[in-house]
Enquirer: 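Pasting a structure here, questions to come.
Naming: A, B, ... by sequence-line order, numbering from 1 per chain.
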There are 2 protein chains.
Amino acid sequence: MTTWQHIDDDQCRRFASSVELIGKRWSSGILLAIAQGATRFSEITASVTGLSDRLAAQRLKELERDLLIERQVIPTTPVQVRYVVTQRGQDLLDSLQPLVGWGQKYGTPAAN
Amino acid sequence: MTTWQHIDDDQCRRFASSVELIGKRWSSGILLAIAQGATRFSEITASVTGLSDRLAAQRLKELERDLLIERQVIPTTPVQVRYVVTQRGQDLLDSLQPLVGWGQKYGTPAAN
DNA sequence: CTGGATCCCTATCGATACTG
DNA sequence: CAGTATCGATAGGGATCCAG
């Protein structure tokens, strides 16, 4: 959980949580994919290269639980499901923008 | 690696790499600890609550390899080692600032 | 003090197959 | 279409002991 509470305590615990929200594999990719218009489950898995159905379902549940996306079920036949980014999720994406800038300023060195 | 190249390709690959740099457990905590003045190995492990020696050494190597910190060996007896944040590392911390703001705006929901 | 080397354990991942 | 179930492989983490 990365608390390092001897240093800043409160602010840092929140930060660690935030990082872990989108730090998990695929999470940020999925969130961005939805933000860019991939609303359907199959669209999402297709948009995010390498993402399997299993992980997609898992991450979508997590993102929904974290209130970053919303799941909307449309009772047609067969049933349709749409995913949309919440305001909270959009704000997160926005706050991630500087990080994108950082990645562009410095070329990714070795990428872990 | 989270490529989602059907969406934005270049920018997003960089972003995924950036996230993974500090997304690993303890990484951001260690980086911040050093930035806040914990230069010695023992100071770092003490500052980041729960961090073990093994993981500290591992993460420090990674952070050094990613050019976010610099390792300085001072040949005394016994040998001293200092860790300092590089410009690149400082810029990364700065670019993470909005994310901290996001975490404060919305209280952390469930924190994975 | 600053780590390196092991051991073991658990979480997580990817692939495959299956359901409503 | 939108997932769920199961399984084997693997990587990451914690603890402990050891070394320069």
Enquirer: Once you round it to whole Å, what is the distance between C1' of D/dA2 and CG of A/Leu51?
Expert: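 Going from A/Leu51 (CG) to D/dA2 (C1'), I get 13 Å.
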Enquirer: Take the protein atom CZ of A/Arg25 and the nucleotide atom C1' of D/dG12, then report the distance between them rounded to whole Å.
Expert: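 Nearest whole value for this atom pair: 14 Å.
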Enquirer: To the nearest 0.5 Å, what is the distance between OG1 on A/Thr39 and CD1 on A/Ile69?
Expert: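 The distance works out to 11.5 Å.
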Enquirer: B/Ile74 CD1 to D/dG20 P: how many Å, rounded?
Expert: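 Going from CD1 in B/Ile74 over to P in D/dG20 covers 22 Å.
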Enquirer: Whole Å only: how far is the NZ atom of B/Lys61 from the P atom of D/dG13?
Expert: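 Distance, rounded to whole Å: 14 Å.
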Enquirer: Assign each of A/Arg54 and A/Gln80 to its nearest nucleotide of DNA chain D by heavy atoms, then name whichever residue's nucleotide is nearer the 5' end.
Expert: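 It is A/Gln80 whose nearest nucleotide is closer to the 5' end.
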Enquirer: Among all residues two or more places apart in sequence or in another chain, which pass the side-chain hydrogen bond (donor to acceptor under 3.5 Å, both in side chains) test with A/Lys61?
Expert: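 With neighbours one apart ignored, the set is empty.
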Enquirer: For a quick check of understanding: with a heavy-atom distance under 4.0 Å over all strands, which category does A/Arg71 fall into, base, sugar-phosphate or nothing?
Expert: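 Counting heavy atoms under 4.0 Å across all strands, the contact made by A/Arg71 is with sugar-phosphate only.
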Enquirer: With respect to the phosphate group of D/dA2, does any side-chain polar atom (N or O) of A/Arg40 fall under 4.0 Å of OP1 or OP2?
Expert: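 So the side chain of A/Arg40 is within the cut-off, an N or O lying under 4.0 Å from OP1 or OP2 of D/dA2.
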Enquirer: First contact, last contact: which nucleotides of DNA chain C are these for chain A, 5' to 3', heavy-atom distance under 4.0 Å?
Expert: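 Answer, 5' to 3': C/dC13 to C/dA15.
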Enquirer: To the nearest Å, give me how far apart CD (B/Glu62) and C1' (D/dG13) are.
Expert: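 To the nearest whole Å, that distance equals 12 Å.
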Enquirer: Measure the CZ-CG distance between B/Arg59 and B/Leu68 for me, rounded to the nearest 0.5 Å.
Expert: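 If we round to the nearest 0.5 Å, B/Arg59:CZ and B/Leu68:CG are 13.0 Å apart.
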Enquirer: Describe the nucleic acid contact of B/Arg82 in one word from base, sugar-phosphate, nothing, applying a heavy-atom distance below 4.0 Å.
Expert: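 The answer is nothing, as B/Arg82 stays clear of every strand by at least 4.0 Å.
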Enquirer: Check whether B/Trp102 reaches the backbone of A/Gly89 with its side chain - one donor and one acceptor, N or O, closer than 3.5 Å.
Expert: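 No.
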Enquirer: Measure the distance from CD on A/Gln58 to P on D/dT4 and round it to the nearest whole Å.
Expert: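 Rounded to the whole Å, the gap is 10 Å.
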Enquirer: Quick check: closest heavy atoms across B/Ala33 and B/Val48, and the distance to 0.1 Å?
Expert: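 Reported closest heavy-atom pair: CB-CG2, 3.9 Å.
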Enquirer: In whole angstroms, how far is the P atom of D/dA15 from the CG atom of B/Asp53?
Expert: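 After rounding, the reported distance stands at 11 Å.
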Enquirer: To the nearest Å, how far apart are B/Leu55 CG and D/dT16 C1'?
Expert: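 Rounded to whole Å, this separation is 14 Å.
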Enquirer: Checking A/Glu43 against A/Tyr83 for the side-chain contact (heavy atoms from CB on, under 4.5 Å) test, could you report, in this order, the C-alpha distance in whole Å, the side-chain angles of both residues, the deciding distance, and whether it holds?
Expert: CA-CA 10 Å; A/Glu43 289 172 356; A/Tyr83 292 93; over 6 Å; no
Enquirer: Which residues pass the side chain to side chain contact (heavy atoms under 4.5 Å, CB included) test with B/Thr76, not counting sequence neighbours?
Expert: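 Partners of B/Thr76 under the side chain to side chain contact (heavy atoms under 4.5 Å, CB included) test: B/Ile74, B/Gln80.
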Enquirer: What's the closest nucleotide to the B/Trp26 side chain, out of D/dA2, D/dG14, D/dG3?
Expert: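 Between D/dA2, D/dG14, D/dG3, the one nearest the side chain of B/Trp26 would be D/dG14.
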Enquirer: Quick one: label A/Ser52 by what it contacts on the DNA or RNA (base, sugar-phosphate, nothing), any heavy atom closer than 4.0 Å.
Expert: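 Nothing: the residue A/Ser52, judged by heavy atoms under 4.0 Å, touches no strand.
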